[in-house]
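Counting from 1, the numbers follow the sequence of the chain as shown.
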Amino acid sequence: MEAKRKEHGSRQRLLDAAARLLADRGTEVSTRAICEAAGVTAPTLYHHFGDRDGLLSAVVSHGFGEYLQRKRELESTGDPIEDIRVGWDDHVAWGTDNPAFYSLMYGQVKPGHHAKAADEAQGLLMGKLEAVAARGLLRLPPPVSARMIMSANVGLTLLLISQPDAAADALSARVRESMIAAITRDAAVPETGERLSVAGAAIALKSTMAAEPVEEIGSAERPLLDAWLDRLSVHASR
């Protein structure tokens, strides 16, 4: 029992030391510096994490955990579009406050690989977009809208990390509002053009039915209905 406790302690010290050094020195921190800060030898690091990259991957998972917990704790404003604004601003703030973590999380990617925690982050955004769609205010299908929002949000945050800007808040707000305008419509302004109206209705119906299944539509009919609704929603991007 004592041996397991010591082993867990050395692993945690390595994670804590790596996190501190990343915050202080950026992503170029050395294995030697991490081991010295944790008070362990290099073989201990290799035992727990394999190599430096394995340790940094674990640190990224830790950083994502903190980020996701922060996201989960954000209270809804009652307006899903406003919730997207709040989520956008929080994402930028967390990234610029934790540049080393963020650069590892989003800036050093491998083709075809992504952190599972990123899926949960996108899932939280999808929930907000589904609520917008259910109100008939989404121009594009939620998955497309989510990818647009995430790509702009991440790209902007990485830009602000690499090129700090005194007018960062104003720039972030402009990009945020341009993205929201691209994927939503104003409830007070009637849709112009039959295609967009049909597409909006298809997106809204699919999102509503995802939250409130219709018993009369069986498991055989639902995939066909979804396929029709997806086909109709494509008109929104034309």
Side-chain angles (χ1 to χ4, degrees), residues 1-76 86-128 146 149-165 168-169 172:
M1 182 69 72
E2 182 63 25
K4 287 185 177 180
R5 190 179 298 115
K6 287 183 178 179
E7 185 170 335
H8 175 76
S10 62
R11 185 181 191 279
Q12 190 59 48
R13 288 200 305 277
L14 281 164
L15 286 171
D16 292 342
R20 288 196 307 272
L21 291 173
L22 282 169
D24 292 341
R25 305 183 189 179
T27 57
E28 298 305 315
V29 61
S30 69
T31 298
R32 180 178 179 180
I34 294 171
C35 289
E36 289 178 352
V40 303
T41 60
T44 301
L45 184 152
Y46 302 142
H47 167 70
H48 288 299
F49 302 104
D51 55 18
R52 175 182 176 276
D53 288 343
L55 171 58
L56 294 184
S57 293
V59 173
V60 167
S61 295
H62 172 70
F64 252 126
E66 289 188 348
Y67 168 72
L68 288 174
Q69 185 59 35
R70 175 168 167 157
K71 283 291 186 187
R72 296 185 198 108
E73 292 174 354
L74 286 176
E75 295 185 3
S76 174
V86 171
W88 174 290
D89 292 344
D90 183 72
H91 182 104
V92 173
W94 195 91
T96 52
D97 287 344
N98 301 275
F101 272 126
Y102 194 90
S103 296
L104 285 171
M105 288 163 60
Y106 286 108
Q108 299 187 24
V109 297
K110 297 178 181 179
H113 294 79
H114 67 285
K116 290 184 178 179
D119 290 336
E120 182 177 345
Q122 185 159 325
L124 293 172
L125 174 59
M126 279 286 291
K128 298 179 178 67
I149 289 287
M150 286 298 294
S151 61
N153 209 180
V154 171
L156 173 73
T157 305
L158 288 172
L159 174 68
L160 293 178
I161 289 173
S162 64
Q163 301 177 28
D165 189 337
D169 289 345
S172 179

Nearest 0.5 Å please: distance from the CD atom of E66 over to the OG atom of S61.
12.0 Å
Parallel, tilted or perpendicular: which describes the rings of Y67 and F64, with under 30° parallel and over 60° perpendicular?
perpendicular
Are R32 and E36 ion-paired here, with the side-chain N under 4.0 Å from a carboxylate O?
yes
Pairwise distance OG1(T44) to CZ(R13) - rounded to 0.5 angstrom:
8.5 Å
Could you tell me whether D16 atom CG has more than 12 heavy atoms of other residues or ligands within 6.0 Å of it?
yes
Enter the distance from Y46:OH to L55:CG here, rounded to the nearest 0.5 Å.
11.0 Å
Taking the basic N atoms (NZ, or NE/NH1/NH2) and the acidic carboxylate oxygens, is any pair closer than 4.0 Å for E120 and K71?
no
Work out which heavy atom in S172 is nearest to a heavy atom in V92; give both atom names and the distance.
OG-CG2, 3.8 Å
For V59 and A18, the nearest pair of non-hydrogen atoms, with its separation, is CG2-CB, 3.7 Å
C35 side chain reached by T31 side chain, heavy atoms, under 4.5 Å
yes
If you measure from NZ on K128 to CH2 on W88, what distance do you get to the nearest 0.5 Å?
14.0 Å
Other residues, nucleotides and ligands only: do more than 12 of their heavy atoms fall within 6.0 Å of CD on E75?
no
Under 30°, 30 to 60°, or over 60°: which ring-plane class applies to Y102 and H91, parallel, tilted or perpendicular?
perpendicular
Give the minimum heavy-atom separation between R20 and A37, together with the two atoms involved.
NH2-O, 3.8 Å
Side-chain (S162) to main-chain (L158) donor-acceptor, under 3.5 angstrom
yes
Working to the nearest 0.5 Å, report the span between CG of L45 and CD1 of I34.
6.5 Å
F49: ring pair (Phe, Tyr, Trp, His ring centres under 6.0 Å) partners, not counting sequence neighbours:
none
State whether the side chain of R52 and the backbone N or O of V29 hold a donor-acceptor pair below 3.5 Å, judged by distance alone.
yes
Quick one: does N98's side chain have a donor or acceptor within less than 3.5 Å of a partner on W94's backbone?
yes
Rounded to the nearest 0.5 angstrom, the CG-OG distance for L15 and S10 is 10.0 Å
Using a 4.5 Å cut-off on heavy atoms from C-beta on, say whether the side chain of L56 contacts that of L22.
yes
Heavy-atom closest contact (I161 atom, P99 atom, distance)
CG2-CB, 3.8 Å
